[in-house]
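I have a structure here, written as structure tokens, and I will follow up with some questions on it.
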Amino acid sequence: MVGIAMRGGAGMNIRVVGVASAIEAIKRKGKMYEEKLAKVIPEAALNIQREAKHLAPIRTGNLRNSIQAELPERLRAYVKAYAPYAHFVEYGTSKMKARPYMRPAVEKERTRLKRLKLL
């Protein structure tokens, strides 16, 4: 617990007590949260990859096969579609209606994480 003691008089003295223990408590909580995220992030990326592949329209299978989850760092993940036309399918064009697959996959996982109180 952090406390402040003040003394009046000719001058004012302020003493803050318990800062070191408060900082340590914050560091412990941060470390626990970091450990939880280190488990959740790869799982979430794989769930998004799986769902995006499920939702991706199939013509040749190239788009579906190009969707990959990447884990470049401990607390970072990407899910990318490498087919050169992937963004045209996701967002559409002036001549083609959008057929989203990545955004719905991300939204489904976001909803799952919120339900589990991980977001």
Side-chain angles (χ1 to χ4, degrees):
M1 175 182 237
V2 176
I4 299 176
M6 298 189 323
R7 286 192 299 188
M12 179 183 271
N13 293 324
I14 299 175
R15 190 176 84 180
V16 180
V17 181
V19 172
S21 61
I23 289 171
E24 284 305 311
I26 290 168
K27 285 180 181 177
R28 279 192 306 276
K29 288 279 188 193
K31 206 60 158 157
M32 288 179 358
Y33 192 63
E34 184 178 312
E35 292 303 318
K36 185 182 262 190
L37 283 174
K39 293 176 184 171
V40 169
I41 289 172
E43 177 186 341
L46 292 174
N47 288 343
I48 292 167
Q49 174 188 308
R50 190 177 307 111
E51 185 66 14
K53 284 184 174 204
H54 173 74
L55 295 173
I58 303 170
R59 187 168 173 186
T60 65
N62 186 51
L63 174 60
R64 178 179 278 184
N65 292 335
S66 80
I67 299 170
Q68 300 296 319
E70 299 174 3
L71 306 164
E73 297 173 18
R74 185 167 181 253
L75 297 176
R76 182 170 297 181
Y78 300 104
V79 180
K80 299 178 181 180
Y82 287 96
Y85 53 86
H87 60 288
F88 295 131
V89 177
E90 179 76 18
Y91 295 103
T93 68
S94 61
K95 297 179 183 183
M96 183 182 83
K97 186 178 110 180
R99 298 188 334 197
Y101 56 93
M102 192 70 77
R103 290 174 292 161
V106 169
E107 194 52 45
K108 181 177 181 180
E109 185 62 11
R110 180 179 291 138
T111 300
R112 184 186 81 83
L113 292 173
K114 282 182 180 179
R115 190 176 63 248
L116 296 173
K117 300 196 185 302
L118 296 172
L119 265 187

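The shown structure was predicted, so the numbers you read here are calculated from the model rather than taken from an experiment.
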In this structure, which one of Arg115, Lys117, Glu109 forms a side chain to side chain contact (heavy atoms under 4.5 Å, CB included) with Leu113?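 One option only clears the test, and that one is Glu109.
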So if you build clusters from Ile, Leu, Val, Met, Phe, Trp, Tyr with side-chain heavy-atom gaps below 4.5 Å, do Val40 and Leu46 land together?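 The answer is no; the residues belong to distinct hydrophobic clusters.
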Just jot down the salt bridge (charged side-chain N to carboxylate O under 4.0 Å, His left out) partners of Arg99, sequence neighbours excluded, or say none.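 None.
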Could you measure the distance from the CE atom of Met102 to the NE2 atom of His87? Nearest 0.5 Å is fine.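 It is 13.0 Å, given to the nearest 0.5 Å.
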Show me the pairs that pass salt bridge (charged side-chain N to carboxylate O under 4.0 Å, His left out) and involve residues 55-68, at least two apart or across chains.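 Non-adjacent pairs meeting salt bridge (charged side-chain N to carboxylate O under 4.0 Å, His left out): zero.
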Please round to the nearest 0.5 Å and tell me the distance separating atom NZ of Lys108 and atom CD1 of Ile48.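 The CD1 atom of Ile48 is 11.5 Å from NZ of Lys108, to the nearest 0.5 Å.
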Measure the NZ-CD distance between Lys27 and Glu34 for me, rounded to the nearest 0.5 Å.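 One finds 13.0 Å between NZ of Lys27 and CD of Glu34.
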What pair of heavy atoms forms the shortest contact from Ile41 to Ala77, and how long is it?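 That would be CG2-CB, 3.6 Å.
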Residues in side chain to side chain contact (heavy atoms under 4.5 Å, CB included) contact with Ala56, at least two apart in sequence or another chain: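 For Ala56 the side chain to side chain contact (heavy atoms under 4.5 Å, CB included) partners, ignoring immediate neighbours, are Leu63, Ile67, Tyr101.
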For the student: nearest non-hydrogen atoms of Pro42 and Ala38, plus distance: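 Distance-wise, the nearest heavy atoms are CD-O, 3.2 Å.
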Nearest 0.5 angstrom please: Tyr85 OH to Thr93 OG1, how far?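 With rounding to 0.5 Å, OH (Tyr85) is 14.5 Å from OG1 (Thr93).
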By salt bridge (charged side-chain N to carboxylate O under 4.0 Å, His left out), which residues pair with Arg103, not counting sequence neighbours?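 Partners of Arg103 by the salt bridge (charged side-chain N to carboxylate O under 4.0 Å, His left out) criterion, ordered by chain and then number, come out as Glu90.
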Report the residues that fulfil salt bridge (charged side-chain N to carboxylate O under 4.0 Å, His left out) with Lys36, sequence neighbours left out, ordered by chain and then residue number.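 For Lys36 there are no salt bridge (charged side-chain N to carboxylate O under 4.0 Å, His left out) partners, ignoring immediate neighbours.
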Specify the closest pair of heavy atoms between Gln68 and Tyr82, including all atoms of both residues, with the distance to one decimal.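 Closest approach of Gln68 to Tyr82: CB-CE1, 4.2 Å.
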With the threshold set at 4.0 Å, does a side-chain nitrogen-carboxylate oxygen contact exist between Arg112 and Glu51?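 No salt bridge links Arg112 with Glu51.
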Holding to side chain to side chain contact (heavy atoms under 4.5 Å, CB included), I want the full list of residues that pass it with Arg76, two or more places apart in sequence or in another chain.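 Expected list: Pro72, Glu73, Tyr78.
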Please say yes or no: joined through hydrophobic side-chain contacts below 4.5 Å, possibly via intermediate residues, are Leu75 and Tyr33 part of one cluster?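 The answer is yes; both residues are in one hydrophobic cluster.
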Please find the pair of heavy atoms, one from Ala69 and one from Ala45, that lie closest to each other, and give the distance.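 Residues Ala69 and Ala45, closest heavy atoms: CB-O, 3.9 Å.
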